[in-house]
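Have a look at the structure below, then the notes.
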2 protein chains.
Amino acid sequence: MKNRENIPKATIERLPLYYRCLDKMDTFEDIDVVSSKDLGGKLDIPSTQVRKDLSYYGEFGRRGVGYNVNELKKSVGKILGVDRMWPAILVGAGNLGHALVNYKSFSMMGFEIACVLDNDPAKIGNMINGKKVQDIKNIDKIVAETDIKLGVIAVPTDAAQVVADEMIDSGIKAIWNFAPTRLRVPPEIEVKNEDLAVGIVSLIYHLSWQEEMETKGE
Amino acid sequence: MKNRENIPKATIERLPLYYRCLDKMDTFEDIDVVSSKDLGGKLDIPSTQVRKDLSYYGEFGRRGVGYNVNELKKSVGKILGVDRMWPAILVGAGNLGHALVNYKSFSMMGFEIACVLDNDPAKIGNMINGKKVQDIKNIDKIVAETDIKLGVIAVPTDAAQVVADEMIDSGIKAIWNFAPTRLRVPPEIEVKNEDLAVGIVSLIYHLSWQEEMETKGE
DNA sequence: TTACTGTTGATATAAATTTAGCAAATTTAA
DNA sequence: TTAAATTTGCTAAATTTATATCAACAGTAA
Ligand SMILES: NC(=O)c1ccc[n+]([C@@H]2O[C@H](COP(=O)([O-])OP(=O)(O)OC[C@H]3O[C@@H](n4cnc5c(N)ncnc54)[C@H](O)[C@@H]3O)[C@@H](O)[C@H]2O)c1
Ligand SMILES: NC(=O)c1ccc[n+]([C@@H]2O[C@H](COP(=O)([O-])OP(=O)(O)OC[C@H]3O[C@@H](n4cnc5c(N)ncnc54)[C@H](O)[C@@H]3O)[C@@H](O)[C@H]2O)c1
């Protein structure tokens with residue numbers, strides 16, 4: 001395996017796609033062997049890219065044959081760390097928080113929201129998907145007791161930095177942030193910003209341009 | 001302006017960040033002029049990158065001075081197409097659908113969910129954020145009458161392709177897809193996949209590696 | 001005026017990422 | 001056995017994207 005540091009970020013973001021696809025083939029489609037061409041075909045990724053991505057981590061295929069689906073799934077799962085469950089705390093039992101907590105398919109990716117926290121007395125004590133919403137004041141105790149490393153921020157933008165600080169103080173090591181703001185965190189804390197507006201705006205950008213072209217053409 | 005085709009995808013995804021930041025400065029912070037260094041600083045983007053991104057579309061700053069916040073905001077808004085509202089239909093009034101429909105801040109990015117559709121009789125007729133959930137059967141009529149171009153897919157994976165086909169048949173031109181699957185669409189249809197699992201798995205990947213390193217170190 | 005600091009935008013350079021090409025390995029079929 | 005067809009994984013090339021450099025310009029203060 002190459003030095004883990006200089007593996008392209010884009011490669012790491014394609015691995016979960018391979019993983020999900022392999023799981024589907026393995027579990028539901030009864031496919032034993034797959035070529036890089038077929039796997040890439042399902043995901044609109046060139047076969048050369050698939051092979052290159054995998055080659056950063058080792059040799060998983062057999063020349064002239066392809067990849068064993070079940071084996072490759074396990075290998076990729078191990079590379080990603082999804083061969084075990086990673087419990088998380090989620091802060092912000094609002095609209096988005098509810099959706100995330102109720103979502104079943106995360107478990108397939110090794111992710112599980114184990115605790116839900118909020119600061120609104122009207123929400124504390126409520127049940128969401130079998131979990132009782134707890135007071136954010138207890139975050140230190142909760143994180144210490146459960147040894148959870150992952151935090152999800154689903155609070156309004158204004159509260160995101162405060163919540164991030166509380167998470168880090170409590171011992172959280174990695175943050176999945178849905179608030180549209182950059183968090184200031186120490187360098188050892190990993191942050192992934194899930195900025196949904198970027199997605200829709202890039203669609204609007206193309207649509208808007210398309211429409212402008214059409215207008216010109218007339 | 002350069003040929004719009006060969007502007008980096010990454011640039012287009014940074015523009016919404018600039019836009020939101022400029023809007024905040026303009027509306028709430030009463031800042032008139034900003035340098036690429038300051039703007040980049042707020043977003044963890046190098047000033048050279050900010051200037052390069054903007055330079056694809058023209059000259060917006062004054063040497064020795066910086067950028068007029070309000071002017072640049074308007075220019076970037078126009079580039080992105082968010083200087084007008086883009087109404088959308090959303091299909092799938094479930095957990096995620098609810099969150100998206102209730103989310104207020106999309107409007108600032110020119111995005112608005114105008115209609116909500118579902119195929120579950122138990123959901124049709126319900127109100128979400130002042131909008132009545134409509135029967136997916138009426139999609140053709142709805143899209144034709146409203147001339148909506150944007151569709152949001154928030155249905156289970158299994159139903160995503162069917163819904164995409166229905167959208168395209170009805171006249172939808174661009175699809176924001178939350179289902180974790182690749183949609184097969186004609187080339188003229190724009191699709192943006194919002195695959196949340198990728199985000200959390202890339203966090204797990206880092207966390208998992210970190211933990212492995214620590215274990216080794218002991 | 002003049003020197004000094006700060007800033008843009010263009011061009012040049014460097015780095016990262018993707019794509020192509022091909023030898024080696026494997027299977028299939030003649 | 002041998003030839004043809006596949007398919008991997010390595011290396012090299014091409015492409016894309018990011019970063020550095022610097023002349024031109026603008027403001028400020030001596
Ligand atoms: N809803 C969406 O579809 C959507 C889309 C994109 C981004 N987001 C972002 O996700 C975040 C949450 O959005 P939402 O729509 O769920 O908001 P929401 O208002 O529905 O929920 C926010 C929750 O956070 C809680 N909260 C506020 N301050 C807190 C604090 N200091 N400590 C603990 N809990 C606190 C509130 O009590 C509330 O329950 C926001 O940052 C939003 O910008 C949401
Ligand atoms: N909830 C989350 O946090 C989350 C996270 C990541 C991805 N997703 C994805 O988003 C999608 C929606 O997730 P969810 O949790 O809201 O699911 P959900 O089950 O809560 O809601 C799905 C809705 O779609 C409707 N529906 C099903 N088939 C339909 C059809 N053919 N036409 C019209 N409506 C139909 C259902 O009636 C239901 O209201 C899924 O693809 C899921 O994988 C959700």
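Proteins get letters first, then strands, A, B, ... in listed order; numbering begins at 1 in each. What you are looking at is a predicted structure, and each value in this text was computed from that prediction instead of being measured.
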Length of the CG-P vector between A/Asp53 and C/dT17, whole Å = 11 Å

In this structure, are over 12 heavy atoms from other groups packed under 6.0 Å from A/Arg184 atom CZ?
-> no

Reckon B/Ser35 touches a base, only the sugar-phosphate, or nothing at all at heavy-atom distances under 4.0 Å?
-> sugar-phosphate

What integer distance in Å separates A/Ile45:CD1 from C/dT19:P?
-> 10 Å

Does the side chain of A/Ser36 get closer than 4.0 angstrom to OP1 or OP2 of D/dT8 through an N or O atom?
-> yes

A/Gln49 side chain near C/dT17 phosphate (N/O to OP1/OP2, under 4.0 Å) = no

Nearest-Å distance for atom pair NZ/P, residues A/Lys9 and C/dT17 | 9 Å

Return the nearest nucleotide to the side chain of B/Ser55; candidates are C/dA10, C/dT18, C/dT27.
-> C/dA10

Taken to the nearest whole Å, CG/A/Leu39 to P/D/dT7 is 13 Å

Once you round it to whole Å, what is the distance between P of C/dA25 and CD of A/Glu59?
-> 11 Å

Which nucleotide in the list D/dG9, C/dA12, D/dA12 gets nearest to the side chain of B/Lys52?
-> C/dA12

Looking only at N and O atoms, is any donor in the side chain of B/Arg51 or the base of C/dG9 less than 3.5 Å from an acceptor on the other one?
-> yes

Rounded to whole Å, CZ of B/Arg62 lies from P of D/dA23 at a distance of 22 Å

In whole angstrom, what separates B/Ile7's CD1 from D/dT16's C1'?
-> 14 Å

Got a donor-acceptor contact below 3.5 angstrom from the A/Trp86 side chain to the B/Leu203 backbone?
-> no

Would you indicate, yes or no, if D/dA18 has its OP1 or OP2 atom less than 4.0 angstrom from a side-chain nitrogen or oxygen of B/Tyr56?
-> no

Do A/Asp118 side-chain atoms and A/Ala93 backbone N/O form a donor-acceptor pair below 3.5 Å?
-> yes

Nucleotide of D/dT8, C/dT8, C/dA12 approaching B/Arg63 most closely (side-chain heavy atoms) = C/dT8

Whichever of A/Gly64 and A/Thr48 has the more 5' nearest nucleotide on DNA chain D, that residue is A/Gly64

A/Ile12 atom CD1 is separated from C/dT17 atom C1', nearest whole Å, by 13 Å

NZ/A/Lys192: more than 12 non-hydrogen atoms of other groups inside 6.0 Å = yes

Do the side chain of B/Asp26 and the main chain of B/Leu22 share a donor and acceptor less than 3.5 angstrom apart?
-> no

Out of C/dT27, C/dT18, D/dG9, which has the shortest distance to the side chain of A/Val65?
-> C/dT27

